[in-house]
2 protein chains.
Amino acid sequence: MFERHRETFTRAQEACRTRACWSPYPEMPGKYPDTGAAQARGLAAFTAQLGQPFALEQPGVTGTAGEEVSPYTQKALGIGYPQSDPEALFSAARAAMPGWAAADIDTRLGVLMECLDVLYRAHLFDLVHAVMHTAGQSFNMAYAGSGVNALDRGIEALVHAEAAMRFVAPEARWERRFGASEIRLEKTYRLIPRGVAVCFACASFPTWNAWPSMLASLATGNAVIVKPHPMSVLPMAITVRAWRGVLAAAGFDPNLVTLCVDTVAQPLGKVLIGHPACAIVDFTGSSRFGQWVEANAHPALAFTETSGVNTVVLQGADDLDAALRSLATTMCMFSAQMCTSPQTVYLPPEVATPQGPVARDEVAQRLAAAVARLIEEPRKAAMILATIQSPETLGLMAAMRNAGAARGTVLLESHPYAHPDFPDARTATPLMLAVGKDARDLYAQEQFGPVSFIVACDTAEDALAQATQDAKENGGITGFVYATDEAFIARAEEAYAQAGAQLTVNLTGAMPLNFAAAYSDYHVTGLNGAGNATLTSLAFVASRFAIAQSRRPVAEGKEDRHV
Amino acid sequence: MFERHRETFTRAQEACRTRACWSPYPEMPGKYPDTGAAQARGLAAFTAQLGQPFALEQPGVTGTAGEEVSPYTQKALGIGYPQSDPEALFSAARAAMPGWAAADIDTRLGVLMECLDVLYRAHLFDLVHAVMHTAGQSFNMAYAGSGVNALDRGIEALVHAEAAMRFVAPEARWERRFGASEIRLEKTYRLIPRGVAVCFACASFPTWNAWPSMLASLATGNAVIVKPHPMSVLPMAITVRAWRGVLAAAGFDPNLVTLCVDTVAQPLGKVLIGHPACAIVDFTGSSRFGQWVEANAHPALAFTETSGVNTVVLQGADDLDAALRSLATTMCMFSAQMCTSPQTVYLPPEVATPQGPVARDEVAQRLAAAVARLIEEPRKAAMILATIQSPETLGLMAAMRNAGAARGTVLLESHPYAHPDFPDARTATPLMLAVGKDARDLYAQEQFGPVSFIVACDTAEDALAQATQDAKENGGITGFVYATDEAFIARAEEAYAQAGAQLTVNLTGAMPLNFAAAYSDYHVTGLNGAGNATLTSLAFVASRFAIAQSRRPVAEGKEDRHV
């Protein structure tokens, strides 16, 4: 099966090495093969699933659960997922592992490339609608960010897992004299999977982190229990069912991949992590629970990606309008419900431009105006803002609006907008607040949703210092700097590197500022509270397996060949 | 400086790839260049140090400590080491890091290869005597195991660190169309060291684990605070002083490597691990404290190598006497105070040989006789057994002797032997006990020192099952099997791999069964309680640094070159 995917895998290896742009998938839904029919099939599959039990054979089924509500319709999806006893899932996962671990690296990689390929060929548009109606993303983002880009991150994880495994020689001949005797040993080195992995998928972006995490564990021989957020089960349920099918068809035990569904009222996360057979935890979600995972997963390994305050610093811009347009677009994208969305903009009293300095208040007003302009037309707003995943976000925004008005200025009020296709959609345009540095309790931590802050700083240096300090102390995945002063850019690169946020400098144009490309952009450094794992580094894969060796004297007949 | 060491480093890379036998160092002290003069200088340096303050410039010195007692003379060494305030050490280490982290990979590797070379050229025999009179090893073991072999493990760590760092491209060009606009980005990827590492060195084998740990941290840009066991400070003090000299001579801040000396009454280990600036912990020592480190080091990374029960299974042997001689030698080596020493021998009722089955009691008696014969001549006993590092070991042995006599049979009594060169040496010949499976509370955990158990098992399969279960549950670094049945060997390889102990099969001859060769033998799997880190795998190095990236549009002038 690996032969079928070898060319793609080889190209992916090259992309990981050069970190140049590459993907085996078309970027736009319109370029998907026979896209009209495929899109229709995906929509039909999704629609047929509503109100129905989700057909998934699993071990230890004890009941049914499902409490998803579409952010587009604010109606329950009505899908009932089988709930399995965690003990049965661990037991089945352990039983499934020996055959999988005994397969050679190429075999496992071939099966897992096929798993990705099946999602792409047979389920991409089911997944698009599943992501839309659980996470609340737009059609286009669900296709790209949660579809093909996430598949790319999956292949990238396989490339890294392969490299880490191949670094270990499978066998060796070792010969040395000890005193009078010549010792000749043949040694074999086995890669032993760590054990059962538990992969948590988050509510607003379920596939992009989960697929690479699952594949990193599976490629290195482990089994995976997937624990989706109870409000975003469907994308992972589709994934688990599809992959179980591929595994079984390839002659492996499908219980290498299972689904653990829980409810908001009765969460199972700590039960899974506390299980003695839990050997690896991948977690994407809230910073609060992520910190708990990091501190309590032991003896399991923990890989986390949580959240933080993503910061923007403007020292100057060659084209201020272009910079503000890019910022406005990225701040609006999916209503800032991405872990990479910029949230807090640190402004000096003046921003340098070729036409002379522009005062902070004017910069703030022009940024707010750019945001307002971008979303005034509902069809465009729908494409960019999409919906609000959780009702709690609306409560947070109301609280922020009041606090911001009391302690600063409301630059842009939030209001629902009328989605042209889904009149009942849960929507909110961006709330923008102008505050001083004394409002650090508000702006220096993640406020999840379309809320942003413009912070008045003393100087550009002060803005950089505040931004990077906040990222370092409270976690930050991304940073964005616009500057005309090269020395300032050099200092910003160093400061953001130390703060552990991935930096984008002076980017304008059609690319979203926070777009993270598989094979090229590293996601999360592990240097601040926004997570301890990087998509994808060797550290993300290398500890998921261990090396066990056996050595013995070379058998008589074999000695001569090497003498 | 790297150029001076490039050839050696390249050969080491090849050895890590092929895992064949190689070392840049002569194996025997007699083959050291101008060995007579070098040995005399080493002894003179050690002798001159006795009763004197140890001259080591360090930050934040608050006093002096030193409570080492030579196991050879049972007299205090009288060396006073400067004690530094941990706060000052962390502060100095942090201040030292930026310049070191900014150096390129070759520069750091060159300096660190020079650090190893300086130990080899200028301090090897000082270190030999320092190890003898703290850890209690024999001259030959101190030269090989704690000298050149430990230097080899250091180079091996550098090779792995280099490979993990080189896997990250330093920069990339990335170009993609977004809608109508072509985005061209240049990206840079910086390797950011994790922070200040704390390296614990153990009492009985201080250099072999500490050097590779220190080098793994330093190569990836971190600073290291070394915390030696208070009874074995001198080897690490010599190391720290020498490396500080190399660093300073190369223009780097010597506070990249500092020494933290504590006392048995006032240990500082938890203070160091609990310090907010502690980012990495390498620990070698007791299983009890190692488990605490693994569970409590967070947010610091923890790499541990502790201890466990090393097991032996005899199903059969082509030459039973040769097998028993090898076992006896390895069980005696350094009075079984190595983390790889075999301790518990699981015997079926009969052991298969070409001459027919040999009854368990006879096998046990012949093994005990082989041990007794090996050590009956004091000069030979001195070379093999050396001394007992800690007085506590004698107490443990007395307790084991009583428990063994009450619940089984004493196969071989322990007694002090008269060391020919050091009449006051703390010595003990091996205690061997024959017990049943009901004595699992005694034999299935590490009893540190020259104590071994022969356990009566139901069958060879039962012996294998018991041995691997004990290794899995209570930790085990090594396993040893003698068998004539190839199917049994195959099952043993699988069972030991799952138990996470590195296996040696049917080895006889002059090589100690537990000899672990740098570049070839992996030490500790991480799959059981004997530690979570492997010397040396990619997982041992890859998380010691993070990857921070910066990306920006390609500058106008540069665009053309790539179009």
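None of these values were measured; they are calculated from a predicted model. Below, chain A is the first sequence line, B the second, and so on; all start at residue 1.
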- Tell me, do A:Phe545 and A:Met165 make a side-chain contact under 4.5 Å, heavy atoms counted? yes

- Segment of A:Val541 engaging chain B (4.5 angstrom heavy-atom cut-off): neither

- Message: Taking side chain as everything from C-beta outward and backbone as N, CA, C, O, which of these in A:Thr18 sits under 4.5 Å from a heavy atom of chain B? Side chain, backbone, both or neither.
- Response: backbone

- Looking only at heavy atoms, what is the nearest atom pair of B:Trp174 and A:Met511, with distance? CZ3-SD, 3.8 Å

- Task: May I ask you to decide whether B:Glu186 forms a salt bridge with B:Arg173, counting only side-chain N to carboxylate O separations under 4.0 Å?
- Result: no

- Message: Contact between A:Phe303 and A:Ser543 at the side-chain level, heavy atoms closer than 4.5 Å - yes or no?
- Response: yes

- Task: Using non-hydrogen atoms and a 4.5 Å limit, figure out which bit of A:Leu185 sits close to chain B: side chain, backbone, both or neither.
- Result: side chain

- Query: By a 4.5 Å heavy-atom criterion (distance strictly below it), what part of A:Arg544 contacts chain B: side chain, backbone, both, or neither?
  - Reply: neither

- Task: Go through A:Ala20, A:Cys21, A:Ala548 and name the one with the most non-hydrogen pairs under 4.5 angstrom from chain B.
- Result: A:Cys21

- Query: Which region of A:Pro193, side chain (C-beta onward) or backbone (N, CA, C, O), has a non-hydrogen atom less than 4.5 Å from a non-hydrogen atom of chain B, or is it both or neither?
  - Reply: backbone

- Item | Contact origin within B:Val481 toward chain A - heavy atom pairs under 4.5 Å | neither

- Item | Side chain, backbone, both or neither of A:Leu513 within contact of chain B (heavy atoms, under 4.5 Å) | backbone

- Bottom line for B:Ile489: the part with an atom under 4.5 Å from chain A's heavy atoms is side chain

- Under 4.5 Å to a heavy atom of chain B? For A:Ile183 that would be side chain

- Message: Let's test your reading of the structure: which of B:Arg17, B:Glu171, B:Met28, B:Arg194 forms the most heavy-atom pairs below 4.5 Å with chain A?
- Response: B:Arg194

- Which atoms of A:Glu494 approach chain B - backbone, side chain, both or neither, heavy atom under 4.5 Å: both

- Message: Could you tell me if the side chain of B:Ser326 sits less than 4.5 Å from the side chain of B:Phe480, heavy atoms only?
- Response: no

- Query: Highest number of heavy-atom pairs under 4.5 Å with chain A: which of B:Gln549, B:Arg552, B:Gln502?
  - Reply: B:Gln549

- Examine the side chains of A:Asp152 and A:Ser23 and answer whether a donor and an acceptor come within less than 3.5 Å of each other. yes

- Message: Under a 4.5 Å cutoff for heavy-atom pairs, which residue among A:Phe167, A:Trp22, A:Phe540 has the most contacts with chain B?
- Response: A:Phe167

- Any A:Cys16 side-chain heavy atom under 4.5 Å of A:Tyr519 side chain: yes

- Message: Looking only at heavy atoms and a cut-off of under 4.5 Å, which of B:Glu182, B:Arg19, B:Lys187 has the most pairs with chain A?
- Response: B:Arg19

- Mutual orientation of the aromatic rings belonging to A:Tyr522 and B:Tyr189 [parallel < 30°, tilted 30-60°, perpendicular > 60°]: perpendicular

- Task: For chain B, find which of A:Ala169, A:Ala295, A:Gly179, A:Ala533 contributes the most heavy-atom pairs closer than 4.5 angstrom.
- Result: A:Ala295

- Item | A:Asp521 portion near chain B, given a 4.5 angstrom heavy-atom threshold | both

- Query: Do you know which two heavy atoms are closest between B:Arg491 and B:Leu464, and how far apart they sit?
  - Reply: C-CD2, 4.1 Å

- Query: Among A:Thr508, A:Asn506, A:Val505, A:Thr525, which residue forms the greatest number of heavy-atom pairs with chain B at distances under 4.5 Å?
  - Reply: A:Val505

- Of the listed residues (B:Ser181, B:Ala497, B:Ala180), which shares the most heavy-atom pairs with chain A below a 4.5 Å separation? B:Ala497

- Would you check, one step at a time, whether the test side chain to side chain donor-acceptor pair (under 3.5 Å) holds for B:Arg190 with A:Tyr496? CA-CA 11 Å; B:Arg190 294 166 191 233; A:Tyr496 271 102; over 6 Å; no

- Task: Please determine if A:Glu162 and A:Arg166 form a salt bridge, counting it only when a charged side-chain N lies under 4.0 Å from a carboxylate O.
- Result: yes

- Query: Does some side-chain heavy atom of A:Leu527 sit less than 4.5 Å from a side-chain heavy atom of B:Ile192?
  - Reply: yes

- When heavy-atom pairs shorter than 4.5 Å are enumerated against chain B, which of A:Arg177, A:Gln498, A:Glu294 gives the highest number? A:Glu294

